Structures are given as C-alpha cells and as structure tokens.
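Here's the structure, in structure tokens; my notes come after.
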Amino acid sequence: MKDFHENTKAIRTRTPRTSENEHSAPLFLTSSFQFDSAEDMEGAFLEQNNLNIYSRFINPTVREFIDRVCVLENAEDGFATATGMAAIFGTFMTFLSAGDHILSSSSIFGSTHTILTKYLVRWGISSTYADINKPEEWEAKIQPNTKIIYLETPTNPGLDVIDLEYIGQLAKKHNIMLVVDNCFATPILQKPIDFGADLVIHSATKWMDGQGRVLGGIIVGKKELIREVYLFCRQTGPSMSPFNAWVLSRSLETLDVRIQRHCDNAEALAKILENHPKINKVNYPFSPSHPGYAIAKKQMKRGGGLITFDLKGGAEAGKKFMNALEMLTVTSNLGDSRTIASHPASTTHSKLTVEEKAAVGITEGLIRVSVGLEYIDDIAADILQALDKS
Ligand SMILES: *Cc1c(COP(=O)(O)O)cnc(C)c1O
C-alpha cells in the first residue's frame, strides 16, 4: 500500500481476513489463544514465531488499532493501553529510574501533573517545568540526568503552542527522549514524529473515539523504544481491551472527515465570537490574533476543534454562561460529536491559585468549547443566547 495517501492506508489497514470472508474486520474478543502443538507454544513464548499468546500481550483487534495509528502518525510501532493516562504512566515507568529527571512543559493534563509531582517523586524521579511560551528558556533547564522532555501542543485549556521543530532539535542535541502528547491535534492535523519526537502518546478517549463512548490510550514511535514499552506493559497489564480497540479502530476510519468538520465549525465559531461585547478575547490557534499563530501554521494543518474565550464578567459570568446553555453539554470531556462547554476556573482547575491559573492561561472567566459536529448555526445560536444572559 506504498503509494496511497496515509488516510487511505489507515482505512484499508485491517486484521487478516478469516475463512468467513468478512468485509468488516471482526472483533477478537478472546483473552487467550490456542496452539496446534507444544512446539508452536514453545516457539511463541521464545518469540520465534508470531503466534498470539494472551491479550494482555497483544490481540489482533488491538493490533489493527495500533497499526492504523502508526500509519497516521508515521510511526514504526505502538502499544495500546486502557486509557490515555495508562499510556503516559506506562511510558514514564518503562524509561525512568530513580535519580532520573523529566523536563516537562508547565501546561500539561492535570493527571499527568499529579503523576509528576505526587507519585514519581516517591521513586526518586524529579521533574522541572518549563514555560510553553518561552522555548528559549528550555535548554538551560536540561540537567545531566534529564531522560525525557515531555510536552503537549496545543495545550489544555490555554491552547498555547510550542515550536516542535525547535524542541525536537534541542532533544536531539542533548540526546534526550522527546515524548509528545498529541491528543489535542490528532495525527490528522499534526505529526510530532516528523519534527523529531521519539514517542507520541494519545488519549484515544477524545477525538479518536470522537463520540464519548470508550476509554483508550496509545504510545507510538521508534521500534526499539516500543519494544521496551511492550515488555514493561505485557508484564504490568495496562493493555487495551479488544472491544475498545474494535470501537476505536472503526472510529479512525472517519477521523479525517470528522476533524475537518470540527475545524470548519471551530473556525466559524471563532470568527462569530470575535469582537463580541461580552468577550475580552477569543483564543484559537489558527486565528491571526493568537500569539502562536505562526508556529501553529508551521506545524499544524488546521487549528483543531477547541476554542476558548474569556468573559469580561469573570467567574460569575462564567457560571451564568454555563447555566444559560440550552443545547451545549456541560461536561469535562472533549473531542465529541456533541459540542461541550466547560468553565475550568470553577471545575478542573479550581484547586489552583489565581497565579497558578494565570501561568497556564486560565482566567476566571475562561470558557472552553469543544466544538462538535452539529450544524454551526445551532452551536453559535446557543452560545450567543447564553452570552446575552451572562
Ligand atoms: C484526557 C487526556 C489525557 C488522559 O486520557 P484518559 O484517556 O482520560 O486517561 C491525557 N492527555 C490529554 C491532553 C487529555 O486531554
């Protein structure tokens, strides 16, 4: 399938057809696999053949999902996990030992922050935060024991972007592994491996599923690194369920069309809300007013499905806005066909001080919208009527 576009290849990648000649790939809902002989089984455990053993190690349906993501991310191999957090934690546990250090962007997913600051320190693994908007300060923060540089771009919920090419070169120069959580952009819009990332992580729960149904995670990248991840995970057990892999693998067939529509709607919404009298500022990576516009244009195909805006009335206006919504869903998830609104200052980030919130781009009146697939006029009308009441 060499000459096809990557989206064609991903759609056409599937588990080998069985003797039933099914067109759509079957779901291999089995925990273990049987062998024709003791020798085959012996060979499987010695990795002398490619026979399946046990679904904690690998399962054909999970393999299909991995292969599809590898095609989309330009990755050599991958390992799929039960959740995005299992992918992140599994990666840290595979490669870090006591005494090692992670240089991380300060704007990272909340549970990743908790892993770094609460749990890894218990095993003698330290971390330092670097400002996503000041990449020129990152090099000075590299230590002799820095093993991983870790980041997300665009960030949640600030939608800040960082120059992946610059950080990729920095990691290479210092011989440090670069790990990128590419959840917000998806491989349709951004391929971190092309800019020097060694490993790319996804919460497949978000845009990849796209319909808020199942949890999942994946790590993809260089074959020799994935081998280490595999050896760690096959023993410790964060593996993805074949059922979830089957759901997610079908979802990947529509990822490109869905992301294009999410972007259409988000772009239109950003324009509609710009200069609204109740809003200080609309934030969207592909808006010329975004501070990271040039970098976003350089490394992303489009701006993505998330926009944020800052209400002039602060926290009070934020809550009034949320209560006035009639169609948009009030939930903390994102990446769904249904448009979702959240008010980070009173929910996901309520435990942070005002200064800590400001450092990750969260103002008291910030609203995050995960723009869905509904008709854009309906999405905009609901937001505009809620703005009137806030
Ligand atoms: C949701 C999310 C995660 C965690 O994924 P789960 O599937 O919920 O475990 C990690 N990183 C980012 C950027 C996320 O949005």
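Just follow the structure's listing: the first ligand is 1, and inside any ligand the first atom is 1. Sequential numbering from 1 along the given sequence is applied to the chain's residues. Keep in mind it's a predicted model, so treat the numbers as computed, not measured.
Within the listing of ligand 1, atoms 1 (C), 2 (C), 3 (C), 14 (C), 15 (O) sit less than 4.0 angstrom from a heavy atom of K206. Applying the 4.0 Å criterion to heavy atoms of C183 picks out, from ligand 1, the atoms 13 (C), 14 (C), 15 (O). Every atom of ligand 1 is numbered from 1 in the order shown, and the set under 4.0 Å from a heavy atom of G216 is 7 (O). If you number the atoms of ligand 1 from 1 as listed, the ones under 4.0 Å from a heavy atom of F184 come out as 15 (O).
F57 and F45 have perpendicular rings, their planes meeting at more than 60° on a 0 to 90° scale where under 30° would count as parallel.
At the shortest separation from atom 7 (O) of ligand 1 among protein heavy atoms lies T205 OG1, 2.6 Å. In this structure, the protein non-hydrogen atom closest to atom 8 (O) of ligand 1 is S203 OG, 4.1 Å. Here the heavy atom of the protein found nearest to atom 11 (N) of ligand 1 is D181 OD2, 2.7 Å. The protein non-hydrogen atom at the shortest distance from atom 9 (O) of ligand 1 is M85 N, 2.9 Å.
Taking the six-membered ring where the residue is Trp, the centroids of H276 and F309 are separated by 6.0 Å or more. A centroid separation of less than 6.0 Å is found between the aromatic rings of Y150 and F92.
Heavy-atom separations between A87 and ligand 1 are all 4.0 Å or longer.
Two residues are said to be in side-chain contact when any heavy atoms from C-beta on lie closer than 4.5 Å; Q48 and E42 fail this criterion.
A donor-acceptor contact closer than 3.5 angstrom is absent between the side chains of E356 and H349.
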Legend entry - Worked verdict on T94 versus E228 for side-chain hydrogen bond (donor to acceptor under 3.5 Å, both in side chains): CA-CA 7 Å; T94 300; E228 295 302 315; over 6 Å; no
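R68 places a side-chain N or O within donor-acceptor distance of the main-chain N or O of I11, the cut-off being under 3.5 Å.
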